[in-house]
Novice: 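Before I ask anything, let me first share the structure, which is written out below as structure tokens.
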Amino acid sequence: MDTAGNFKTSSIELDLDRPNIEDYLPSGSSIQEPRGKLRLRDLLDISPTLTEAAGAIVDDSFTRCFKSNPPEPWNWNVYLFPLWCCGVVIRYGILFPVRVLVLTIGWIIFLSSYIPVHFLLKGHDKLRKKVERCLVELICMFFVASWTGVVKYHGPRPSIRPKQVFVSNHTSMIDFIILEQMTAFAVIMQKHPGWVGLLQSTILESVGCIWFNRAEAKDREIVAKKLRDHVQEADNNPLLIFPEGTCVNNHYTVMFKKGAFELDSTVCPIAIKYNKIFVDAFWNSRKQSFTKHLLQLMTSWAVVCDVWYLEPQNLRPGETPIEFAERVRDIISVRAGLKKVPWDGYLKYSRPSPKHRERK
């Protein structure tokens, strides 16, 4: 049995992006070892588990999924530095004040319309929901305008139908804003503190959004029931779910949670791909607040991205929800040019359990 050959095959199947561990080991001519002793390369040949661990140390593909890549500096000589200074003056001295003004006007228009509609049309639920839906789309348009958003949409726009759910890869909370300006989705989202949490508990609940808390185990059952009830109603806004459960840096896709694929509904994939030529839209929530993230976007040149509404998918005969989720992840990853990695995004927030480590 060719052990080395099997090792190479399994290594390639596990992770094509991982470098060969033998490249990081000293060559046989550089180290003289006594005969009869077990050498490191021999140990690695007979232990794929150790090889996987060593490869993870050399190239941690999990960490790279949640890493912000700063732009490379281009003001490195006397000719480019003055141009860079002019860009800073334009972005912070001209564009940023104009964008703040645009966003302020948007909020004034939105609140002066939303508050009367919300309280004066309580007896006319159908009309009130329709108007509130349009107003939420309007404020999202103002948000996108405050970044000078250049968004290109591909494919047919979503429509309100029963028993359908939309799923998308997730880079930042602005994914929701970009999608919401075209269609008033009801999104499932982590509950946030501060002014974002205030918007969630007041304005966004008007479009049927559902909130969850990762820290509460019992909350999953409650949310799952709300999801099932929501997709059954024909008049509810389309349901949008980010099955990765966390923000990933738009180069990778992590494992999709199976909850969106257990609803006995048609799954409509959405792929979002940001162009980093002007700004990196990835929100690293562990290092910056959403307010700082918005300021970063509002002081950049523009936010450029493509959105693809892909062909709806249904559960195939004999297919499990996990296999269904992976098939949809394949479709999104291929369309957006993202690389699949076999990681659970929740490991970003918590260490793996002892049972998981022992099984590995």
Side-chain angles (χ1 to χ4, degrees), residues 62 65 155-171 173 175-176 179-180 183 185-191 207-214 216-234 236-248 250 252-273 307-350 356:
F62 175 77
C65 296
R157 303 296 187 269
S159 58
I160 299 178
R161 296 177 183 175
K163 302 195 71 175
Q164 69 174 1
V165 57
F166 292 81
V167 299
S168 172
N169 59 302
H170 195 25
T171 304
M173 198 186 297
D175 300 338
F176 164 71
L179 296 175
E180 197 79 2
T183 304
F185 287 104
V187 69
I188 174 172
M189 188 185 297
Q190 164 73 22
K191 185 69 175 177
V207 292
C209 295
I210 302 171
W211 318 116
F212 65 89
N213 190 345
R214 293 187 182 93
E216 298 181 10
K218 295 182 179 180
D219 197 46
R220 296 183 180 181
E221 299 178 0
I222 299 174
V223 170
K225 185 179 184 305
K226 289 182 179 179
L227 294 179
R228 288 191 293 268
D229 294 340
H230 185 97
V231 298
Q232 299 299 326
E233 295 292 334
N236 287 340
N237 292 324
L239 182 63
L240 173 65
I241 298 178
F242 299 105
E244 290 173 299
T246 187
C247 295
V248 187
N250 212 225
Y252 302 88
T253 55
V254 297
M255 290 172 54
F256 279 11
K257 301 294 182 295
K258 64 178 181 177
F261 305 90
E262 295 178 319
L263 301 177
D264 191 25
S265 302
T266 299
V267 174
C268 305
I270 300 177
I272 303 177
K273 180 65 175 180
V307 176
W308 291 273
Y309 299 104
L310 305 175
E311 185 178 354
Q313 304 292 322
N314 289 286
L315 187 68
R316 294 172 179 172
E319 189 177 39
T320 65
I322 295 178
E323 293 171 342
F324 187 21
E326 283 300 298
R327 179 162 59 87
V328 172
R329 183 160 77 114
D330 286 337
I331 295 173
I332 293 176
S333 301
V334 171
R335 175 65 273 186
L338 306 174
K339 181 181 177 181
K340 290 177 56 181
V341 291
W343 302 115
D344 185 345
Y346 277 4
L347 295 178
K348 174 182 176 182
Y349 300 97
S350 60
H356 179 79

Novice: Look up atom CG in Leu240 and atom CD1 in Ile270, then write down how far apart they are to the nearest 0.5 Å.
Specialist: 5.5 Å

Novice: Which heavy atom of Thr171 sits nearest to which heavy atom of Cys247, and what is that distance?
Specialist: O-CB, 3.3 Å

Novice: Can you find a pair of side-chain heavy atoms, one from Pro238 and one from Thr183, that are under 4.5 Å apart?
Specialist: yes

Novice: Would a distance-only check, ignoring hydrogens and angles, find a side-chain to backbone donor-acceptor pair under 3.5 Å from Gln164 to Thr266?
Specialist: no

Novice: Once you round to the nearest 0.5 Å, how far does OH of Tyr252 lie from CG of Asn169?
Specialist: 15.0 Å

Novice: Stepwise, does the side chain to side chain contact (heavy atoms under 4.5 Å, CB included) test hold for Thr320 with Phe261?
Specialist: CA-CA 9 Å; Thr320 65; Phe261 305 90; over 6 Å; no

Novice: Under the side chain to side chain contact (heavy atoms under 4.5 Å, CB included) criterion, do Leu338 and Lys273 qualify, and how do the steps go?
Specialist: CA-CA 8 Å; Leu338 306 174; Lys273 180 65 175 180; 3.7 Å; yes

Novice: Can you give me the closest heavy-atom contact between Arg335 and Ala271, atom names plus distance?
Specialist: CG-CB, 4.0 Å

Novice: Go through Glu326 and Lys340 one step at a time and tell me if the salt bridge (Lys or Arg N to Asp or Glu O under 4.0 Å) criterion holds.
Specialist: CA-CA 10 Å; Glu326 283 300 298; Lys340 290 177 56 181; 3.3 Å; yes

Novice: For the residue pair Leu179 and Ile272, establish whether any side-chain heavy-atom pair is separated by less than 4.5 Å.
Specialist: yes

Novice: Taking all non-hydrogen atoms of both residues into account, name the closest pair between Gln313 and Arg327 and its distance.
Specialist: OE1-NH1, 2.9 Å

Novice: Which heavy atom of Ala260 sits nearest to which heavy atom of Val165, and what is that distance?
Specialist: O-CG1, 3.8 Å

Novice: Would you say Lys258 has more than 12 foreign heavy atoms packed within less than 6.0 Å of its NZ?
Specialist: no

Novice: Just verifying a value: how many Å separate Phe256 CZ and Ile332 CD1, rounded to the nearest 0.5 Å?
Specialist: 4.0 Å

Novice: Shortest non-hydrogen contact from His230 to Leu239?
Specialist: CD2-CB, 3.9 Å

Novice: Say you draw a straight line from CZ of Phe176 to NE2 of His170; how long is it, rounded to the nearest 0.5 Å?
Specialist: 10.5 Å

Novice: Does Asp229 CG have over 12 foreign heavy atoms under 6.0 Å away?
Specialist: yes

Novice: Which atoms form the tightest heavy-atom contact between Arg329 and Thr253, and what is the distance?
Specialist: NH1-O, 2.7 Å

Novice: If you round to the nearest 0.5 Å, how far is CG of Asn314 from OG of Ser265?
Specialist: 9.0 Å

Novice: Starting at NZ of Lys257, measure out to CD1 of Ile241 and round the result to the nearest 0.5 Å.
Specialist: 12.5 Å

Novice: Any non-hydrogen side-chain atom of Val341 less than 4.5 Å from a side-chain atom of Val248?
Specialist: no

